[in-house]
Amino acid sequence: MLVLPIDGSQTLLVLAVPAPQFKDKANGVAATDRVTGAPLVEVPLALTVEGGQPQVLRVSVPQPSVPKDLAVGQMVKASGLTFVTGEKNGRAWQIFRASALTAVKAG
């Protein structure tokens, strides 16, 4: 498994409201954070790149660490943002994780 930190000082645009993540969707088993045991949600965020196309990041975050009033179009910062990649059962996987999202005030 490879874990790469990402610059957390950049602001990200919220593209959709948080959606619950599932370990086993067919049986309704929620995915949980390995450290805290909190349920995980996925939040699609756009990372703007100067002179380039925005990159969409589907970020996994512990649900208690997401602002309750998070809305589409809002700007946030992702604390502890990392890119994690690995292989399981011969299949490659990639995810983005953050420990928390913080709303950025306009201005």
Side-chain angles (χ1 to χ4, degrees):
M1 178 169 52
L2 176 65
V3 179
L4 299 171
I6 298 174
D7 181 7
S9 68
Q10 294 181 316
T11 56
L12 305 161
L13 176 66
V14 177
L15 299 176
V17 295
Q21 287 189 287
F22 294 94
K23 187 175 191 172
D24 180 355
K25 194 169 190 171
N27 293 312
V29 179
T32 56
D33 183 75
R34 290 183 178 155
V35 176
T36 66
L40 293 172
V41 295
E42 182 177 275
V43 183
L45 303 171
L47 171 65
T48 56
V49 179
E50 191 170 323
Q53 293 290 326
Q55 184 69 39
V56 175
L57 311 177
R58 293 174 32 202
V59 181
S60 178
V61 186
Q63 194 273 327
S65 299
V66 176
K68 302 245 185 277
D69 58 351
L70 191 69
V72 174
Q74 188 172 8
M75 299 301 285
V76 295
K77 289 198 179 191
S79 301
L81 184 60
T82 56
F83 174 71
V84 185
T85 184
E87 186 178 323
K88 184 174 183 177
N89 300 326
R91 298 179 75 179
W93 55 269
Q94 304 173 343
I95 62 170
F96 291 93
R97 283 202 173 141
S99 55
L101 297 179
T102 307
V104 175
K105 300 206 187 288

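Just so it is clear, the model here is predicted, and its values are computed rather than measured.
Checked options L47, D7, V59; the residue passing with L81 is V59 (criterion: side chain to side chain contact (heavy atoms under 4.5 Å, CB included)). Screening E42, Q21, Q94 against R58 for a side-chain hydrogen bond (donor to acceptor under 3.5 Å, both in side chains) leaves a single residue, E42. When the options V17, L40, V61, V14 are evaluated for a side chain to side chain contact (heavy atoms under 4.5 Å, CB included) with V66, the one that passes is V61.
Note: T82 OG1 to I95 CD1 = 7.5 Å, rounded to the nearest 0.5 Å. Rounding to the nearest 0.5 Å places CG of L57 at 6.0 Å from CD1 of I6.
Nearest heavy atoms, S9 versus K77: O-NZ, 3.1 Å. The minimum heavy-atom distance between L15 and V72, with the atom names listed, is O-CG1, 3.8 Å. Annotation for P39 and P64: closest pair O-CD, 4.3 Å, computed over non-hydrogen atoms. Between S99 and P62 the shortest heavy-atom distance is O-CD, 3.8 Å.
Between F83 and V3, the closest side-chain pair of non-hydrogen atoms is not below 4.5 Å. Between S65 and L101 there is no side-chain heavy-atom pair separated by less than 4.5 Å.
Under a 3.5 Å cut-off, the side chain of T85 and the backbone N or O of W93 do form a donor-acceptor pair.
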request  = Dump the intermediate steps for side-chain contact (heavy atoms from CB on, under 4.5 Å) on V76 and L45, then the final yes or no.
outcome  = CA-CA 9 Å; V76 295; L45 303 171; 3.9 Å; yes
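Other residues, nucleotides and ligands contribute more than 12 heavy atoms inside 6.0 Å of the CD atom of E87.
By the side-chain hydrogen bond (donor to acceptor under 3.5 Å, both in side chains) test, T36 is found to be paired with D33, residues two or more places apart in sequence or in another chain being considered. Residues meeting the ring pair (Phe, Tyr, Trp, His ring centres under 6.0 Å) test with F22, sequence neighbours left out: none. Take N89 and apply the side-chain hydrogen bond (donor to acceptor under 3.5 Å, both in side chains) test, not counting sequence neighbours, and it matches no residue.
Two different hydrophobic clusters hold L13 and L70 under the rule that ILVMFWY side chains link at heavy-atom gaps under 4.5 Å.
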